[in-house]
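Beneath this line is the structure, given in structure tokens, with notes to follow.
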Amino acid sequence: MKQKIIIANWKMKLNIKESLELAREYAQKFADEAATGGKEIAVCPANIALREAKDIFAPSAVKIGAQNVFWEEQGAFTGEISVTMLEEAGCQYVIIGHSERRQYLLENYEMAHLKLKTVLDHSNIIPIVCVGESLKEKESDRRDYVIIDQIQQTFGGVQILSQQQVIIAYEPIWAIGTGQVIKPADADTMHEIIHAALVDLFGIDVINKQFRIIYGGSVDSANVSDFSQLDNIDGLLVGGASLKAEDFYKIVKGI
Ligand code: PEP
């Protein structure tokens, strides 16, 4: 059994003061490993709150991640943030290719590939790579094809060293922030498909030891138990329901 990981994505929903207040609540709720029930907890605040949030989380079991990274290591790239900067700020995780960036900033899987390579080649940060189909793709029965293609584009030609860990978040776009929840059995099937696509690229040993496949999309404290019994789900990525410490705490307990 892999250690389950539950990741909070605070997006751009909180200002700095609110982020730090919520970080304090998280640090209290997850004061030590025992409070997490053996699960791993990571929070991805806005970049501007990263350093201070990291200090708040330091005595607790909460780890910190970023919501994005640029694919070059250094240079004239106004507004971007490098993997070295994230590591300096104490990040242990970074989200790559979130669907909101694909939608609003026109990021594609070629960019996700470059980001993934930079993270793996130049840091010890664990990438959290997002994949997921749109409603149109789902309704036209192209879901499996789309997901396999996203995985091949992102991971094709990438080398994973034996000490490296990777997380893939299956996040159907139509389920993100909409309150529309996937049928748990459906999520389980998609995770199997993702697993098989990854095995094709890296082999079963690497996937079983070094990859975790998590689910994201309108998970909350009321529906989390639906996901708790599924064989192929190694954790959750939580947006909206991570903005209240008590709700997130219930999700961690419930998975
Ligand atoms: C997300 O943004 O990754 C996410 C899963 O959001 P929500 O939980 O709000 O659907």
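As the structure lists them, so they are numbered: ligands from 1, and atoms in each ligand from 1.
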Fellow cluster residues of I7, listed by chain then number, with links counted only when side-chain atoms sit under 4.5 Å apart:
I5, Y93, I95, I126, I128, I167, I214, L237
Would you indicate whether the side-chain heavy atoms of D186 and R143 approach each other to under 4.5 Å?
yes
May I ask you to decide if the ring planes of Y26 and W10 are parallel, tilted or perpendicular, using 30° and 60° as cut-offs?
perpendicular
Please verify the inter-ring angle class for F30 with F248; under 30° counts as parallel, over 60° as perpendicular, anything in between as tilted.
perpendicular
Tell me every residue that passes side-chain hydrogen bond (donor to acceptor under 3.5 Å, both in side chains) with D55, counting only those two or more places apart in sequence or in another chain.
none
Ligand 1: protein residues within heavy-atom distance under 4.0 Å
N9, K11, H98, E171, A175, I176, G177, G216, G217, S218, L237, V238, G239, G240
Side-chain donor-acceptor distances from residues 78-91 under 3.5 Å, at least two apart:
{"residue": "S82", "atom": "OG", "partner": "T84", "partner atom": "N", "Å": "3.4"}
{"residue": "S82", "atom": "OG", "partner": "M85", "partner atom": "N", "Å": "3.1"}
{"residue": "E87", "atom": "OE2", "partner": "N124", "partner atom": "N", "Å": "2.6"}

